[in-house]
Visitor: 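Attaching a single structure in structure tokens format; questions to follow.
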Amino acid sequence: MDEPLQYLTNDPRRLGMRLGDGLWVRLVDIPAALSARRYPVDVDVVLEITDDLLPDSGGVFRLRGNPDTATCEPTTDTPTCASTPPP
């Protein structure tokens, strides 16, 4: 868009223009990222995560969490679900 008004205001969203925020994030330390979160319900799941760009960051992990604490550790258990990042 070649609309200079959006650059002259502190909050261009209030102009009613349609802006889209986008952010791509690649997690390289899955256990640390998932352990740092808190989950609104009890969670006990085995995840298989693959990453073609950074294969060493993937693996099979057991995630256990609740509103107070969370742990995520590598495991040899069978995955409950799998995730592959977009290309």
Side-chain angles (χ1 to χ4, degrees):
M1 293 178 8
D2 292 325
E3 176 57 57
L5 184 57
Q6 69 180 340
Y7 301 107
L8 299 174
T9 181
N10 289 336
D11 190 1
R13 289 177 183 85
R14 297 199 64 190
L15 296 173
M17 298 167 45
R18 305 244 11 199
L19 295 177
D21 295 330
L23 175 66
W24 286 87
V25 176
R26 173 167 267 119
L27 297 177
V28 293
D29 189 346
I30 303 298
L34 295 180
S35 295
R37 295 195 55 185
R38 296 300 169 257
Y39 301 87
V41 296
D42 288 345
V43 175
D44 187 355
V45 64
V46 177
L47 305 166
E48 180 177 10
I49 300 173
T50 60
D51 187 335
D52 293 336
L53 184 64
L54 298 170
D56 291 340
S57 68
V60 179
F61 305 94
R62 176 171 291 278
L63 170 63
R64 291 186 176 113
N66 58 50
D68 300 318
T69 188
T71 61
C72 183
E73 300 171 339
T75 184
T76 58
D77 295 344
T78 302
T80 318
C81 59
S83 170
T84 304

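Being a predicted model, the structure only gives us computed values, none of them experimental.
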Visitor: Indicate, with yes or no, if Ile30 and Val43 share a hydrophobic cluster defined by side-chain heavy-atom contacts under 4.5 Å among Ile, Leu, Val, Met, Phe, Trp and Tyr.
Guide: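 Yes, same cluster.
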Visitor: Restricting to non-hydrogen atoms, name the atom on Ala70 and the atom on Tyr39 that form the minimum distance, rounded to 0.1 Å.
Guide: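 Ala70 and Tyr39 have their closest heavy atoms at CB-CE1, 3.7 Å.
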Visitor: Minimum heavy-atom separation for Pro67 to Asp42, with atom names?
Guide: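 Nearest pair, atom of Pro67 first, then Asp42: CD-OD1, 4.3 Å.
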Visitor: Taking the side chain as every heavy atom from C-beta outward, state whether Leu27 and Ile49 have any atom pair closer than 4.5 Å.
Guide: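 No, their side chains stay 4.5 Å or more apart.
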Visitor: Among the clusters formed by ILVMFWY side chains lying less than 4.5 Å apart, do Val25 and Leu34 turn up in the same one?
Guide: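 Both belong to a single hydrophobic cluster.
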Visitor: Determine, for Asp44 against Arg62, whether the closest basic-nitrogen to carboxylate-oxygen distance falls under 4.0 angstrom.
Guide: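 A salt bridge links Asp44 with Arg62.
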Visitor: So, taking the atom named CG in Leu54 and the one named CZ in Arg26, what distance separates them when rounded to the nearest 0.5 Å?
Guide: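 Interatomic distance, Leu54 CG to Arg26 CZ, rounded to 0.5 Å: 5.5 Å.
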Visitor: Work out which heavy atom in Val60 is nearest to a heavy atom in Glu48; give both atom names and the distance.
Guide: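 Scanning both residues completely, I find the closest heavy atoms to be CG2-CG, 4.1 Å.
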Visitor: Ser57 and Val28: which non-hydrogen atoms are nearest, and at how many Å?
Guide: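 Heavy-atom minimum between the residues: CB-O, 3.5 Å.
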Visitor: Which value, rounded to the nearest 0.5 Å, describes the distance between Leu63 atom CG and Thr71 atom OG1?
Guide: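 One gets 7.0 Å once the value is rounded to the nearest 0.5 Å.
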Visitor: So, for Pro31 and Cys72, which heavy atoms are closest and what is the spacing to 0.1 Å?
Guide: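 That closest heavy-atom pairing would be CB-O, 3.2 Å.
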